[in-house]
Amino acid sequence: MRIPVIAGNWKMNLDRAAAIALARAVRDGVAMRPAGAPPVEVGVTPAYPYLEAVRGLLRGGPIWVGGQDLSPEKNGAFTGEVSAAMLADIGCSHVLVGHSERRQMGESAELCGRKVAAALAGALIPVLCVGETLAQRDAGKTAAVVLEQFESGVRGVAAADVSRLLVAYEPVWAIGTGRNATAAQAGEVHALLRDCAARNWSRAAADSLRILYGGSVKPENAAELLAVPDIDGALVGGAALTAPSFLKIIDACPNRAR
Ligand code: PEP
């Protein structure tokens, strides 16, 4: 059974007051879900300066807090970087790795693999993001690109650690564009990723791996995307910046606990 995950990537948005207000509204909205509502795991990734404040506000509740990036190094002379231990120290449980906005700034697949390893070694759950550009899709390279990013990202991850890993398929052409992948397009890539996970570890490990979809998920398209059996939740950017739209996406999750 894979409980869906709805994670809000706040990126470099909001100020302190707005981040706290959003966290509070999401916390209260999640708390008010009816007892029989489908189980959903919810998380948010605020910008570094507000992580601790948001973590404090959400402490003791079900919503996890994660960083948007981490250093592959443990500690030392790496100006501007933040380690897994630092994120864990302030109460983060998760961290995004290899978001396309970082890959576009030059982050390689190999570096993302080192970050995944650093996150796991630091007791954080990495959310490994993979996805193709429009040019790569048009050139028929989607499978090759996504599987290369995935395999490099999880190189060195033991089968026993697969349950401590999240993957997000985020086609670059769908991020922040308002143009989401169709349920069929996303489902096809999710199935490819799961088959690759089965080859890499085992069918049982692959069946336990939660693969989220990201790219212009909003209340209007969430139910259709989240109904795809291989889609185990969503990584949400723009629509996570207001509580009503984020909460509607949470409520669009199917019941996978049955
Ligand atoms: C993202 O940045 O991870 C994302 C999916 O953004 P958006 O929902 O705005 O497309």
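All figures in this text were calculated on a predicted structure; none of them were measured in a lab. Whatever order the structure lists ligands and atoms in, that order sets their numbers, starting from 1.
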N-O pairing of [X] and [Y] below 4.0 Å:
X      : Y      : answer
Arg203 : Asp195 : yes
Glu73  : Arg114 : yes
Arg24  : Asp28  : no

Subset of ligand 1 atoms that lie under 4.0 Å from at least one heavy atom of [X]:
X      : value
Ser216 : 7 (P), 8 (O), 10 (O)
Asn9   : 2 (O), 3 (O)
Ala174 : 10 (O)
Gly215 : 5 (C), 10 (O)
Leu235 : 3 (O), 5 (C)
Gly176 : 7 (P), 9 (O), 10 (O)

So for [X], does at least one of its heavy atoms come nearer than 4.0 angstrom to any atom of ligand 1?
X      : value
Lys218 : no
Ala239 : no
Ala234 : no

Under 4.5 Å side-chain linkage, directly or through intermediates, the cluster mates of Trp173
Leu134

Of all pairs that satisfy ring pair (Phe, Tyr, Trp, His ring centres under 6.0 Å), the ones with a partner from residues 82-125, not counting sequence neighbours
Trp64-His94

Donor-acceptor pair between Glu148 and Ser152 side chains, under 3.5 angstrom:
yes

Distance from atom 9 (O) of ligand 1 to nearest protein heavy atom, with residue and atom
Gly238 N, 2.8 Å

Could you tell me the residue and atom name of the protein heavy atom closest to atom 4 (C) of ligand 1, and the distance to it rounded to 0.1 Å?
Gly237 N, 3.6 Å

Nearest-0.5 Å distance that lies between atom CG in Leu147 and atom CG in Leu193
6.0 Å

